[in-house]
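Here the structure comes first, spelled out in structure tokens, and everything after it is commentary.
Side-chain atoms are counted along with the backbone in the values below, which use heavy atoms only and exclude waters and symmetry mates. Given the structure is predicted, the values throughout are model-derived calculations rather than measurements.
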Amino acid sequence: MFDLDELRTAANKVHRIMQATPQYPWPLLGKRLHCEVWVKHENHTPTGAFKIRGGITFIDRLLKQQPNLNGIITATRGNHGQSQALAATKAGLPCYIVVPKGNSPEKNAAMQALGGQIIEHGADFDEARVKAAEIAKQKGLYFVPAFHKDIILGVATYALELFDAVAELDTVYVPIGMGSGICGLIKTRDLLGIKTKIVGVVSSHADAFAQSFEQGKIITTESANTIADGLACRMPLAESFAMIKAGAERIVRVTDDEICHAIRIYHEDTHSMAEGAGAAGLAALIKERALQKDKKVAVILSGANIDRQLYASILQ
């Protein structure tokens, strides 16, 4: 897919647009969970989520291969769309984004502010993804998938920052949506030759990846209704599943209540805002705190793009 030199080159490219995000060991989290807890703050990117990294590398490589594109189209619940809108707009490319009906108004507004043109279709991400592919053929647009080697290359730069900054991590907990974040971690760990365990986290209400991991084959679910829209996947992709199956230690399910609890803990112990998917890693660590006692652990706070009213209701 890519080697370490390519990854470090990609990191330099990403850092021309955004600074490396911090990782901090938060004492209150450590005291609460009886282990050393590092938080990788991907909520500190210009779009409030880790996926901006993949947008930067994907659009850069795409334009080198196809300089005369009419535009791009993709499907998203929000963070992927923001990343593509930002990168495409900077490159002068029209960007169309298909979102499911009832998608977060604040995420829709953010994508539009970054130059994305919103199209609403379907009940969930997977239906929006099918529609985006159809429109791509009709209008001659380039369909940007949620999972692609050039997206993984960019996303993996956060893993490189984390592993370069913090040595001898026992475990990293990372949310799984379509899989770019966990696959970037797995690939980077393997390139660096370290032994850190990678634990994926899904919603118990959207556990297609967990079922697939446990059964050794792709399992789809009929629904993916969770407060954490970034985890709302019911149809795992073969490419991401293959990497997760080969490189993840396990996949942990967390409930919406556990995610909400983790959002409150982030606010209380670190004064950080986390969206549902962004809090999933901490929710899983809280669930497995006995297993991680006295160990050195990291959690990926993958994003902070949560609607104000929802956030207020969770904190209350």
Taking only residues two or more places apart in sequence or in another chain, which ones pass ring pair (Phe, Tyr, Trp, His ring centres under 6.0 Å) with His44? His41

Check ion pair Arg189-Glu249 (N to O, under 4.0 angstrom): no

Hey, can you pull the donor-acceptor pairs under 3.5 Å for the side chains in residues 110-125, sequence neighbours left out?
from	atom 1	to	atom 2	distance (Å)
Asp124	OD1	Asp126	N	3.3
Asp124	OD1	Glu127	N	3.0
Asp124	OD2	Arg234	NE	2.6
Asp124	OD2	Arg234	NH2	3.4

Pairs where residues 291-312 contributes a residue and the test salt bridge (Lys or Arg N to Asp or Glu O under 4.0 Å) is met, not counting sequence neighbours: none

Under 3.5 Å, is there a donor-acceptor pair between the side chain of Asp170 and the main chain of Val297? no

Among Ile, Leu, Val, Met, Phe, Trp and Tyr joined by side-chain contacts under 4.5 Å, find the other residues sharing a cluster with Val130 and list them by chain and number. none

Do any N or O atoms from the side chain of Thr57 and from the backbone of Gly54 form a donor-acceptor pair under 3.5 angstrom? yes

Partner of Arg253 under salt bridge (charged side-chain N to carboxylate O under 4.0 Å, His left out), chosen from Glu258, Glu214, Glu288: Glu214

Restricting to side chain to side chain contact (heavy atoms under 4.5 Å, CB included), what partner residues turn up for Arg32, sequence neighbours left out? Ile265, Glu268, Asp269

Name every donor-acceptor pair, under 3.5 Å, that has one atom in a side chain of residues 131-144 and the other anywhere in the protein, sequence neighbours excluded.
none

So, do Lys51 and Ile151 sit near enough that their side-chain heavy atoms are less than 4.5 Å apart? no

Any sub-3.5 Å donor-acceptor pair from Gln82's side-chain atoms to Asn79's backbone N or O? no

Ile152 backbone acceptor or donor facing Ser180 side chain under 3.5 Å: no

